[in-house]
Amino acid sequence: SSVTGVQTCVFRSTLGTSYTDTISATGGVKPYNWSLAKGTGLPPGIKLNRNSGVISGRPGRAGGFTFTVQVKDKQGKKANSVFSLNVSKR
């Protein structure tokens with residue numbers, strides 16, 4: 001079966017505070033590998049764990065950030081999902 005990423009989702013965080021969330025997928029063959037699609041990026045201070053799909057860190061800039069995450073399963077099947085992270089000022 002094919003791998004499916006989650007639907008478009010909006011995450012919320014506050015500037016300078018610790019942030020953690022997890023992106024998930026269904027189907028395909030685990031383990032999954034997570035990456036950012038070319039041309040997209042997370043806010044400064046936030047990173048994506050390639051093995052777990054965890055997004056974490058301390059955002060260093062306020063604003064709205066849209067990024068595309070690609071999940072690839074053990075058989076090389078891929079799916080993309082678009083996310084937004086809205087970072088508010090304290």
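Nothing fancy with the numbering, it's 1 onward along the sequence.
Considering only heavy atoms from C-beta on, Val69 stays 4.5 Å or farther from Asn80 through its side chain. Considering only heavy atoms from C-beta on, Leu42 comes within 4.5 Å of Leu48 through its side chain. Looking at heavy atoms from C-beta onward, Asn86 lies in side-chain contact with Val10 at the 4.5 angstrom threshold. Between Lys47 and Ser56 there is no side-chain heavy-atom pair separated by less than 4.5 Å. Side-chain atoms of Thr22 and Ile55, non-hydrogen and from C-beta on, never get closer than 4.5 Å to each other. When side chains are defined from C-beta on, Ile46 counts as touching Tyr19, because their heavy atoms get closer than 4.5 Å. Leu85 is listed as a side-chain neighbour of Pro43, based on a closest heavy-atom distance under 4.5 Å.
The CZ atom of Arg50 sits 8.5 Å away from atom NZ of Lys72, with the distance rounded to the nearest 0.5 Å. From Ile23, atom CD1 reaches atom OG of Ser81 across 8.0 Å, with rounding to the nearest 0.5 Å.
Between the Asp73 side chain and the Val29 main chain, a donor and an acceptor come within less than 3.5 Å of each other. Put simply, the side chain of Arg58 gets close to the backbone of Gly16: a donor and an acceptor are under 3.5 Å apart.
Here the closest non-hydrogen pair linking Ser88 and Ala62 is C-CB, 4.4 Å. Nearest heavy atom pair, residue Gly53 against residue Trp34, reads N-CD1, 3.2 Å. Across all their heavy atoms, Pro59 and Leu15 have their closest contact at O-CD1, 3.4 Å.
Put simply, the residue from Phe83, Phe67, Phe65 that forms a ring-ring contact (aromatic ring centres under 6.0 Å, His included) with Phe11 is Phe83.
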